[in-house]
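These numbers come from a predicted model, not from an experiment.
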Amino acid sequence: MKKLLHLTLVSIVSFALLLSGCGGTSNVSGNKDTAAQTDTTDNAKTSDQTAKDDDAKKANTNSPSDAAKTDTVNTELSGEITLWHHLGESDKSFENVIAGFNKKYPNVKVKNLRNGATYEIADKLKTAIAAGSGAPDVVLLQKSYFSKFNTTDAFVDLLQPPFDANRYKGDFSENVWQKFHTLDGKKLMAIPVDAPPGVMYYRADIMEENGFPSDPDELATYMEDPDNLMNMAQTLKAQGKYIFEYDTEILDLLSDSGFFDNKLNYNRMGDKYIQGLDLSKKVKQLGLAANFEGDAWNQAMNNGKVAMTWSASWYVNYIKDDSKDNSGRWRACRQPLNTYSVGGGSALAIPSQSKNKEAAWAFVEYTLLTLEGQKELIKYNSLPAFKPAFKLPEIADSTEAFLGGQKANELFASLVDKIPADYPSALDGTASKIWNKGIEQAMKTNQDSRAALQQIADDVDKAVAKDKAELLKSIGQ
């Protein structure tokens with residue numbers, strides 16, 4: 001299965017075994033089947049209800065502050081809600097969540113529909129909104145698709161009564177919480193499901209054999225210096241081993257935010273982008289990237305030709321297959337060059353067409369905003385966005401045998417606050433095409449990096465000018 005991560009140019013799905021995963025369209029070669037990595041969630045329970053209620057109190061599943069947030073919900077809610085999501089038939093994550101939800105809300109029936117791939121759900125939702133009917137009560141969408149709706153009233157504003165979701169803001173990293181607001185930042189469209197940070201997976205044994213740091217913290221510190229990073233790449237290349245998957249990987253690592261800021265100003269200019277393109281050209285000239293495809297990638301992951309690979313926290317669920325003969329030899333560490341990124345991310349939203357908004361909110365709240373609900377997700381989800389869940393033993397105390405007993409979830413959780421803010425918009429598709437074409441040309445002709453980046457910026461500004469003006473007008477700017 002091919003691994004993929006150009007985090008800012010690719011559409012990456014999350015909910016990583018329920019909620020984190022990837023997929024995409026970019027200049028990054030991928031190493032994971034999109035369908036296989038779209039998802040993540042969790043489970044538990046059975047017996048006399050009174051006994052369970054007592055057990056729940058003893059276990060103190062939610063903190064007193066959590067209880068205060070959720071006790072206002074009407075547990076006598078009734079009726080039916082429809083959930084749209086992209087999870088495969090073999091994935092039982094939402095079934096487990098619904099079972100737990102129905103113990104608290106026995107009179108609410110949840111119609112659980114796998115309604116196609118992520119892009120199909122987004123298109124169906126857009127059609128329903130245009131038609132004025134046909135939308136579900138709750139929908140799971142990956143982050144990139146919210147750009148289709150973030151200047152519309154497609155979803156209820158969760159900051160307003162009866163939802164009042166702003167009381168949960170402190171339970172999420174600011175950068176993650178902000179991603180699911182409308183473009184003007186005034187309305188909250190959805191509650192984040194997961195926040196999979198980008199990380200480097202590496203062969204600790206190969207590093208040690210070649211005199212490089214093998215400890216995750218020490219290696220990450222060593223790779224802060226671009227000279228050290230290039231030295232490592234050249235040393236290992238001499239042995240037929242690689243730490244870069246493709247030529248422009250360093251540039252992508254440094255392209256740590258979207259194409260536009262929250263005022264729709266193009267922002268891929270400056271010294272770090274020049275450095276990234278310069279280093280990427282050197283990687284190409286020296287042949288330091290693997291550039292493996294398909295089966296060749298899978299074989300290289302298993303036979304040691306790939307010594308390091310950039311992906312996200314959810315990849316911990318797939319590397320076990322991609323490098324199955326090397327259990328205990330791999331580790332994970334933060335990204336080189338003091339960079340940070342996110343490998344997708346999904347959220348649950350309530351369409352404005354919902355006919356049972358209170359019950360829909362109860363489902364979203366139970367699923368994502370209580371530790372009880374999060375316990376239903378953790379078996380499948382590499383890392384939830386709800387930060388109180390980081391303290392659950394399933395995350396705080398877990399170790400990963402494949403990564404040599406490393407406390408991988410602890411590492412992943414420590415990186416979430418450092419994920420850069422980005423502001424998806426309807427302009428991103430156009431900008432991405434121009435960026436990819438311009439970078440490809442600069443790499444091919446060895447064009448001066450500053451000049452190449454300026455030309456890309458000029459081309460983007462020209463291409464999006466009309467749509468940008470309309471978007472700004474739509475949000476009152």
Practice item. Show your reasoning for whether side chain to side chain donor-acceptor pair (under 3.5 Å) applies to Q178 and D422. Key: CA-CA 8 Å; Q178 188 60 42; D422 69 278; over 6 Å; no

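- With rounding to the nearest 0.5 Å, the separation of CZ in R329 from CE in M207 is 14.5 Å.
- You'll find the ring centres of Y168 and F386 outside the 6.0 Å limit.
- Under a cut-off of 6.0 angstrom, the local environment of NZ in K387 is crowded, with over 12 non-hydrogen atoms contributed by other residues, nucleotides or ligands.
- Between Y366 and Y105, the gap from one ring centroid to the other reaches at least 6.0 Å.
- For the atom pair OG (S398) and CG (N409), the distance works out to 4.0 Å, reported to the nearest 0.5 Å.
- Partners of R331 by salt bridge (Lys or Arg N to Asp or Glu O under 4.0 Å), not counting sequence neighbours: none found.
- A 6.0 Å sphere centred on CD of E224 holds more than 12 heavy atoms belonging to other residues, nucleotides or ligands.
- Between L236 and Y242, the closest side-chain pair of non-hydrogen atoms is not below 4.5 Å.
- Atom CG in L251 sits 9.0 Å away from atom CG in L253 (nearest 0.5 Å).
- Between the side chain of Q406 and the backbone N or O of A332 there is at least one donor-acceptor pair closer than 3.5 Å.
- Between M232 and M223 there is a side-chain heavy-atom pair separated by less than 4.5 Å.
- Without hydrogens or angle criteria, N102 side chain to V108 main chain gives a donor-acceptor distance under 3.5 Å.
- Partners of F244 under the ring pair (Phe, Tyr, Trp, His ring centres under 6.0 Å) rule, at least two apart in sequence or in another chain, do not exist in this structure.
- Between T367 and F101 there is no side-chain heavy-atom pair separated by less than 4.5 Å.
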Review point. Between S327 and K320, is a side chain to side chain donor-acceptor pair (under 3.5 Å) present by the stated rule, with each step listed?
Key: CA-CA 7 Å; S327 179; K320 300 170 189 178; over 6 Å; no

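- Judged by distance alone, the side chains of Y246 and D252 do bring a donor and an acceptor atom under 3.5 Å apart.
- Here the side chain of K241 pairs no donor or acceptor atom with the backbone of G304 at under 3.5 angstrom.
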**Study point:** Residues S173, D417; criterion side chain to side chain donor-acceptor pair (under 3.5 Å); working and verdict
**Key:** CA-CA 5 Å; S173 293; D417 282 341; 2.4 Å; yes

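- The salt bridge (Lys or Arg N to Asp or Glu O under 4.0 Å) search around E218 returns none, not counting sequence neighbours.
- Looking at Y315, W310, W330 one by one, the single match for ring pair (Phe, Tyr, Trp, His ring centres under 6.0 Å) with Y201 turns out to be Y315.
- Looking at heavy atoms from C-beta onward, V416 lies in side-chain contact with F390 at the 4.5 angstrom threshold.
- Between the side chain of Q374 and the main chain of L368, a donor-acceptor pair closer than 3.5 Å is present.
- At most 12 heavy atoms of other shown residues, nucleotides or ligands fall within 6.0 angstrom of atom CD in E440.
- Between the side chain of D322 and the backbone N or O of N298 there is no donor-acceptor pair closer than 3.5 Å.
- Annotation for P197 and L383: closest pair CD-CD2, 3.9 Å, computed over non-hydrogen atoms.
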When the side chains of residues 119-126 are checked against the rest of the protein, which donor-acceptor pairs come out under 3.5 Å, sequence neighbours left out?
unit_1: E120; atom_1: OE1; unit_2: A117; atom_2: N; d: 2.6
unit_1: K124; atom_1: NZ; unit_2: N115; atom_2: O; d: 3.2
unit_1: K124; atom_1: NZ; unit_2: N115; atom_2: OD1; d: 3.3

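- At a threshold of 4.0 Å, the pair R167-E365 counts as salt-bridged, since one of the basic side-chain nitrogens sits closer than that to a carboxylate oxygen.
- Listed for the N303 side chain is a donor-acceptor partner under 3.5 Å among the backbone atoms of Q299.
- In this structure, a donor-acceptor pair under 3.5 Å is absent between the side chains of E372 and T370.
- The two atoms that bring S425 and N150 nearest to each other are CA-ND2, 4.4 Å, heavy atoms only.
- Checking side-chain atoms of N326 against main-chain N and O of N302 turns up a donor-acceptor pair under 3.5 Å.
- Residues forming a salt bridge (Lys or Arg N to Asp or Glu O under 4.0 Å) with K433 (at least two apart in sequence, or on another chain): none.
- In this structure a side-chain-to-backbone donor-acceptor pair under 3.5 Å is missing from D247 to V283.
- Formation of a donor-acceptor pair under 3.5 Å by the T118 side chain with backbone atoms of Q142 is not found in this model.
- At a threshold of 4.5 Å between non-hydrogen side-chain atoms, the residues I395 and P384 count as touching.
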Exercise for review: Using the salt bridge (charged side-chain N to carboxylate O under 4.0 Å, His left out) rule, take K169 and E174 through it: C-alpha gap first, then chi angles, then the decisive distance, then the call.
Suggested key: CA-CA 8 Å; K169 180 179 179 180; E174 175 63 26; 3.8 Å; yes

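- Screening N228, I243, T235 for a side chain to side chain contact (heavy atoms under 4.5 Å, CB included) with F212, the sole residue that qualifies is T235.
- Within 6.0 Å of atom NZ in K272, more than 12 heavy atoms from other residues, nucleotides or ligands are found, so the atom counts as buried in its surroundings.
- Residues that satisfy the salt bridge (Lys or Arg N to Asp or Glu O under 4.0 Å) test with D428, not counting sequence neighbours, are absent from this structure.
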